[in-house]
Asker: 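Would you mind keeping the following structure in view while I ask a few things?
What you see is a predicted model, and the numbers here were worked out from it, not measured in a lab. Residue numbers count from 1 along this sequence.
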Amino acid sequence: MSTIEKRIGGKITEIRIGKKWTQAELAERIETSVETVSRLERGVSFPSLKTINKIASKIGVPLKDFFDFDDAEVKDKSFERELSKFTAFLRTLSEKEVRLIHKVAKAALKVLRE
């Protein structure tokens with residue numbers, strides 16, 4: 001698996017979660033299996049451009065969004081994947097909820113670091 005496979009998979013996950021869709025819902029919309037969606041998101045399988053275009057069309061985002069990467073080198077891929085999933089989750093919340101989660105996380109880390 002190359003970095004590009006992981007990065008595109010992470011983008012698929014991030015965008016899907018941002019829409020509040022499960023892997024099953026995305027799979028149904030693009031007429032494939034949940035296993036295929038899972039493999040794409042984990043970077044185990046590399047989607048064809050046709051598949052990426054189909055996902056973009058069904059989700060309602062521009063195709064270029066799947067290739068919009070931070071140019072910084074990804075050192076810890078699992079960390080970056082978790083960060084992408086967490087960011088996508090936060091985007092589903094209201095501003096008030098995000099602020100509350102931020103305060104709770106800061107307080108929890110303060111206790112852990114003592």
Side-chain angles (χ1 to χ4, degrees):
M1 291 173 275
S2 72
T3 301
I4 190 74
E5 291 165 332
K6 294 278 189 185
R7 293 176 108 183
I8 289 176
K11 285 291 186 174
I12 293 170
T13 303
E14 182 179 333
I15 294 167
R16 174 185 59 77
I17 292 172
K19 289 287 189 178
K20 299 181 183 180
W21 290 357
T22 64
Q23 287 182 338
E25 289 170 319
L26 177 59
E28 183 178 322
R29 284 177 167 88
I30 64 169
E31 301 171 343
T32 193
S33 70
V34 175
E35 180 181 334
T36 297
V37 171
S38 175
R39 292 175 61 80
L40 293 174
E41 289 187 357
R42 289 181 288 133
V44 173
S45 296
F46 192 72
S48 68
L49 190 53
K50 183 177 178 179
T51 299
I52 297 172
N53 190 49
K54 189 174 190 178
I55 294 169
S57 173
K58 296 295 181 178
I59 291 179
V61 298
L63 182 62
K64 70 176 184 63
D65 285 7
F66 292 95
F67 303 96
D68 187 16
F69 306 123
D70 180 2
D71 288 335
E73 181 62 33
V74 178
K75 294 183 180 172
D76 185 345
K77 295 172 186 148
S78 63
F79 172 78
E80 290 298 324
R81 181 164 174 73
E82 289 304 314
L83 189 58
S84 286
K85 290 193 304 189
F86 190 61
T87 300
F89 166 71
L90 290 174
R91 291 184 191 283
T92 67
L93 305 176
S94 70
E95 184 177 346
K96 184 178 179 180
E97 291 169 322
V98 170
R99 289 180 190 279
L100 176 62
I101 288 173
H102 183 240
K103 286 179 183 178
V104 169
K106 282 176 69 175
L109 284 174
K110 184 177 180 182
V111 169
L112 287 173
R113 291 177 177 162
E114 291 178 347

Asker: Rounded to the nearest 0.5 Å, what's the gap from CD1 on Ile101 to CG on Leu90? Could you check?
Answerer: 6.0 Å
Asker: I'd like to know if Arg99 pairs up with Glu95 as an ion pair, taking the criterion as any Lys NZ or Arg NE/NH1/NH2 lying under 4.0 Å from an Asp or Glu carboxylate oxygen.
Answerer: yes
Asker: Give, for atom CD of Gln23 and atom CZ of Arg39, the distance between the pair rounded to the nearest 0.5 Å.
Answerer: 12.5 Å
Asker: Please round to the nearest 0.5 Å and tell me the distance separating atom CD of Glu31 and atom NZ of Lys54.
Answerer: 4.5 Å
Asker: Heavy-atom distance under 4.5 Å between the side chains of Val37 and Ile55, does that happen here?
Answerer: no
Asker: Quick check: closest heavy atoms across Glu14 and Ala88, and the distance to 0.1 Å?
Answerer: O-CB, 3.2 Å
Asker: Below 4.5 Å, heavy atoms only, C-beta onward: do Thr51 and Leu40 meet side chain to side chain?
Answerer: yes
Asker: For Ile8 and Phe66, which heavy atoms make the closest approach, and how far apart are they?
Answerer: CG1-O, 3.8 Å
Asker: Hydrophobic clusters here meaning ILVMFWY residues chained together by side-chain heavy-atom distances under 4.5 Å, can you tell me if Leu83 and Val98 are in one?
Answerer: no
Asker: Taking everything shown except Glu97 itself, do over 12 heavy atoms lie less than 6.0 Å from its CD?
Answerer: yes
Asker: Taking all heavy atoms of Arg16 and all of Glu41, pick out the closest pair and write down the distance.
Answerer: NE-OE2, 2.5 Å
Asker: I need the Ile4 CD1 to Arg7 CZ distance, nearest 0.5 Å.
Answerer: 6.5 Å
Asker: Would you give the length of the straight line joining atom CD1 of Ile59 to atom CD1 of Ile30, rounded to the nearest 0.5 angstrom?
Answerer: 8.0 Å
Asker: Can you check whether Glu28 reaches Glu25 side chain to side chain, under 4.5 Å on heavy atoms?
Answerer: no
Asker: If I compare all heavy atoms of Ile52 with all of Phe67, which pair ends up nearest, and what's the gap?
Answerer: CD1-CZ, 3.9 Å
Asker: Taking all non-hydrogen atoms of both residues into account, name the closest pair between Ile17 and Phe89 and its distance.
Answerer: CG2-N, 3.8 Å
Asker: In the single-linkage hydrophobic clustering (I, L, V, M, F, W, Y; side-chain heavy atoms under 4.5 Å), do Leu100 and Leu93 co-cluster?
Answerer: no
Asker: Quick one: pull up NZ in Lys85 and OG1 in Thr13 and give me the separation to the nearest 0.5 Å.
Answerer: 7.0 Å
Asker: Any non-hydrogen side-chain atom of Val34 less than 4.5 Å from a side-chain atom of Thr22?
Answerer: no
